[in-house]
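Order of the sequence lines fixes the chain letters, A, B, ..., with proteins taken first and strands second; residue numbering starts at 1 for each chain.
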2 protein chains.
Amino acid sequence: MSLFLSTHINRIDKKGRVSVPAGFRAALAGQSFHGVVLIRSSAHPALEGFGWDMMHELSNRLDEFDIFSDAQDDLATAIFGEAVPLSFDGEGRIVLPVELMEYAGVVEQAAFVGMGRKFQIWEPAALKERQSQARSAIRDKGLTLPREARG
Amino acid sequence: MSLFLSTHINRIDKKGRVSVPAGFRAALAGQSFHGVVLIRSSAHPALEGFGWDMMHELSNRLDEFDIFSDAQDDLATAIFGEAVPLSFDGEGRIVLPVELMEYAGVVEQAAFVGMGRKFQIWEPAALKERQSQARSAIRDKGLTLPREARG
DNA sequence: TGGATATATATGGGATAGCATGGTACAGGA
DNA sequence: TCCTGTACCATGCTATCCCATATATATCCA
């Protein structure tokens, strides 16, 4: 499989380590970098996560901009400057940096939410609230999925 | 891995030495020149940094301009004329020349900001401001990374 | 079908190596 | 000879590796 699916809640030990769900690790198998990349979510008190190949893709897109241009600079600062690569240990765990833990408000448990090509990490209680919020947004606005994304 | 990612703040000792983050050094591994190239940022009180091979790419991009044109001349002067190659010592440190330290306003700490294929060096407090500025620029201008890479 | 065994996942703790940092010795140039 | 810059050596801390254990799931055999 190569998509991040479903939600897993794992414990954070006193070293800040947390197991990445086995299914997520399977989705990342075969990548050059054995780990994940995390970045603060701009919209939520949560962390966005994906594999190294995604960073490569973002880098390629960034190369389309003129080097030293304002747009290139803004995007690179906000995206690459804030992205944190975290490699797996032998047991498939990562160590969450304290700044990221504080940003997401996680303390002793982290909820991994599969979102297809990416995933998010939430404080479990905050996630519950977010989920009901998302459900009602879909209902109220009548949101649906478009036919297919190009590319 | 071969991309500069995330932000590291390192101390500058009284000799002007500062450790290049281990992850950045890893991104530079395998290059012929064992060190980095720094130039003054034209847009910010900061320094632009990259590996030696990037100089070749800059050279190629510069070839897009008419040689002997004013633009080519200006850019070549600013980029190649001002570029400072700094080699690593045995511990992966570089010595920042005082002119560059003054230009970036760094004194006892330097923030290394990963930006994909290049990085920047900032005075930590100035960087914080720059980061929030970049975030709001992205929000206000609706900047995104284009989905499809144009050849 | 049910129980027992094997495999994989999640979790915990201790040992070790790498990194960031500081200092000293040496060499080359003024 | 002095001074500046470079190479080498030393150290504390932190992160990474490695081993151990519990729980859950899957498999196998009676």
Side-chain angles (χ1 to χ4, degrees), chain A residues 1 4-30 32-38 49 52 83-102 106-114 119 121-124, chain B residues 1 4-30 33-38 49 84-102 106-114 119 121-124 127:
Chain A
M1 87 176 94
F4 302 110
L5 287 186
S6 103
T7 298
H8 306 261
I9 297 180
N10 285 342
R11 181 172 175 75
I12 304 172
D13 67 20
K14 47 191 168 190
K15 290 182 178 179
R17 292 182 300 189
V18 61
S19 288
V20 174
F24 287 23
R25 297 203 303 267
L28 293 167
S32 55
F33 174 63
H34 199 59
V36 300
V37 178
L38 296 186
W52 184 260
V84 184
L86 301 172
S87 55
F88 295 140
D89 68 8
E91 286 72 40
R93 288 174 292 194
I94 56 175
V95 181
L96 293 176
V98 278
E99 313 87 55
L100 294 186
M101 286 183 63
E102 285 170 1
V106 297
V107 181
E108 46 178 32
Q109 284 192 322
F112 289 76
V113 186
F119 62 89
I121 298 178
W122 285 76
E123 196 286 315
Chain B
M1 72 177 107
F4 301 110
L5 277 195
S6 104
T7 298
H8 305 263
I9 296 179
N10 285 343
R11 182 170 177 76
I12 303 172
D13 68 18
K14 44 192 169 189
K15 292 181 177 179
R17 292 182 301 188
V18 61
S19 288
V20 174
F24 286 23
R25 298 203 304 265
L28 293 167
F33 174 62
H34 199 58
V36 300
V37 178
L38 297 185
V84 182
L86 300 172
S87 55
F88 295 140
D89 69 7
E91 286 71 41
R93 287 175 292 196
I94 55 175
V95 180
L96 292 176
V98 278
E99 313 87 58
L100 295 186
M101 286 184 63
E102 285 169 1
V106 297
V107 181
E108 46 177 32
Q109 284 191 322
F112 289 76
V113 186
F119 62 90
I121 298 178
W122 283 77
E123 196 287 315
L127 172 64

What integer distance in Å separates E108(B):CD from dT21(C):C1'?
-> 14 Å
Aromatic ring pairing F112(A)/F119(A), orientation class (parallel under 30°, perpendicular over 60°, tilted between) = tilted
Sugar-phosphate, base or nothing in reach of D89(B), heavy atoms under 4.0 Å = nothing
Under 3.5 Å donor-acceptor pair, E91(B) side-chain atoms to dC9(D) base atoms = yes
Check: R17(A) side chain, dG13(C) base, donor-acceptor under 3.5 Å | yes
To the nearest angstrom, the CD1-P distance between I94(A) and dA10(C) comes to 12 Å
Nearest-Å distance, CG (D13(B)) to C1' (dT4(D))?
-> 15 Å
Per nearest nucleotide of DNA chain C, the residue lying toward the 5' end, S19(B) or I9(A), is I9(A)
Closest contact, heavy atoms only, V95(A) versus R17(A) | CG2-CG, 3.8 Å
Take the protein atom NE2 of H8(A) and the nucleotide atom P of dT9(C), then report the distance between them rounded to whole Å.
-> 12 Å
Atom-pair distance (CD1 on I12(A); P on dG12(C)), nearest Å = 11 Å
Output yes when a side-chain donor or acceptor of N10(A) lies under 3.5 Å from a complementary backbone atom of S19(A), and no otherwise.
-> yes
Side chain of R11(B) - closest among dA20(C), dG12(C), dT21(C) = dT21(C)
Using a cut-off of less than 4.0 Å, is there contact between a side-chain N or O of R93(B) and OP1 or OP2 of dA7(D)?
-> no
Measure from the side-chain N and O atoms of R93(B) to the backbone N and O of V20(B), and report whether any donor-acceptor pair falls under 3.5 Å.
-> no
d(L38(B) CG, L100(B) CG) to nearest 0.5 Å is 6.5 Å
Whole Å only: how far is the CG atom of N10(A) from the P atom of dG12(C)?
-> 11 Å
Under-4.0 Å side-chain N/O to phosphate OP1/OP2 contact, R25(A) with dA10(C) = yes
Base, sugar-phosphate, or nothing: which does V18(A) touch, judged by heavy atoms less than 4.0 Å apart?
-> nothing
Rounded to whole Å, NE2 of H34(A) lies from P of dT16(D) at a distance of 13 Å
Side chain of K15(A) - closest among dT16(D), dT9(C), dT24(C) = dT16(D)
With a 3.5 Å cut-off and just heavy-atom distances, do the side chain of K14(B) and the base of dT21(C) make a donor-acceptor pair?
-> no
